[in-house]
Amino acid sequence: AQSVTQPDIHITVSEGASLELRCNYSYGATPYLFWYVQSPGQGLQLLLKYFSGDTLVQGIKGFEAEFKRSQSSFNLRKPSVHWSDAAEYFCAVANTGTASKLTFGTGTRLQVTL
Amino acid sequence: GAVVSQHPSWVICKSGTSVKIECRSLDFQATTMFWYRQFPKQSLMLMATSNEGSKATYEQGVEKDKFLINHASLTLSTLTVTSAHPEDSSFYICSVDSTGSNQPQHFGDGTRLSIL
């Protein structure tokens, strides 16, 4: 069965600093990978996705993620964090062939200090 | 603009009440919708897959008679929490499979259910 691990439960960064959120997955083949962001009391917004092709994917709000097959990772990065980026971030994986059935990681809560 | 509309956003009711949550796809027809449950500070757990015109597919451990799902049209799925108890209090989120496979889900804003 597929699974997702987000090792960091809570991360605090200063505004303007760079950010990297870790995500490791377990899946037999090349999966579909996603990063979602959730503000308190809200649903999820898709930041970016990887299906195939270029392993460095660009998303919205200045985020990017790199798929590394050898490390089974899909880490999310942003070069300069803004205070409005404070939220919960979820990495998710889906079976190849259908992007629909998602398995989520436990999430990383990002706090941004001014 | 919003792609998925979920209603209500927040509901408080007494124990034993049944509560219906609606999930509407605004921009496209959705043969498949998903219902998730999220406990405080935890991840989303898939409860069931809602299929238009047929029975929902429930994940292991989810009570079918407790969480009734109806997907009567291509734009609407409903989740009814029957005879709700305090342990059913949670954040329920729906999502829509926009165009079938190979497309990411669009999520509603969620419904916070509090059972007193």
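In what follows, chains carry the letters A, B, and so on, assigned in the order in which the sequence lines appear, proteins first and then strands, with residues in each chain numbered from 1.
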Nearest-0.5 Å distance that lies between atom NE2 in B/H106 and atom CG in A/L46
8.0 Å
Measure the CD-NZ distance between B/Q105 and A/K49 for me, rounded to the nearest 0.5 Å.
13.0 Å
Should we say atom [atom1] of [X] is surrounded by more than 12 heavy atoms from elsewhere, each under 6.0 Å from it?
{"X": "B/H7", "atom1": "NE2", "answer": "no"}
{"X": "B/K55", "atom1": "NZ", "answer": "no"}
{"X": "A/I60", "atom1": "CD1", "answer": "yes"}

Decide yes or no on side-chain contact (heavy atoms from CB on, under 4.5 Å) for A/L102 and B/Y36, but give the supporting numbers first.
CA-CA 10 Å; A/L102 295 174; B/Y36 293 85; 3.8 Å; yes
Using heavy-atom distances under 4.5 Å, tell me whether B/L44 contacts chain A through its side chain, its backbone, both, or neither.
both
Tell me, for A/Q38 versus chain B, whether the close heavy atoms (under 4.5 Å) come from the side chain, the backbone, both or neither.
side chain
Looking at B/M45, B/R112, B/E59, which has the largest count of heavy-atom pairs under 4.5 Å with chain A?
B/E59
Donor-acceptor pair, B/S43 side chain versus A/G107 backbone, under 3.5 Å?
no
Applying the 4.5 Å side-chain criterion to the ILVMFWY set and letting contacts propagate, would [X] and [Y] be lumped into a single cluster?
{"X": "B/V96", "Y": "B/V3", "answer": "yes"}
{"X": "B/F91", "Y": "B/L116", "answer": "no"}
{"X": "B/M33", "Y": "B/L76", "answer": "no"}

Please determine whether side-chain contact (heavy atoms from CB on, under 4.5 Å) holds for the pair A/F90 and B/Q38, giving the CA-CA distance in whole Å, both sets of side-chain angles, and the decisive distance to 0.1 Å.
CA-CA 12 Å; A/F90 292 97; B/Q38 185 180 29; 3.5 Å; yes
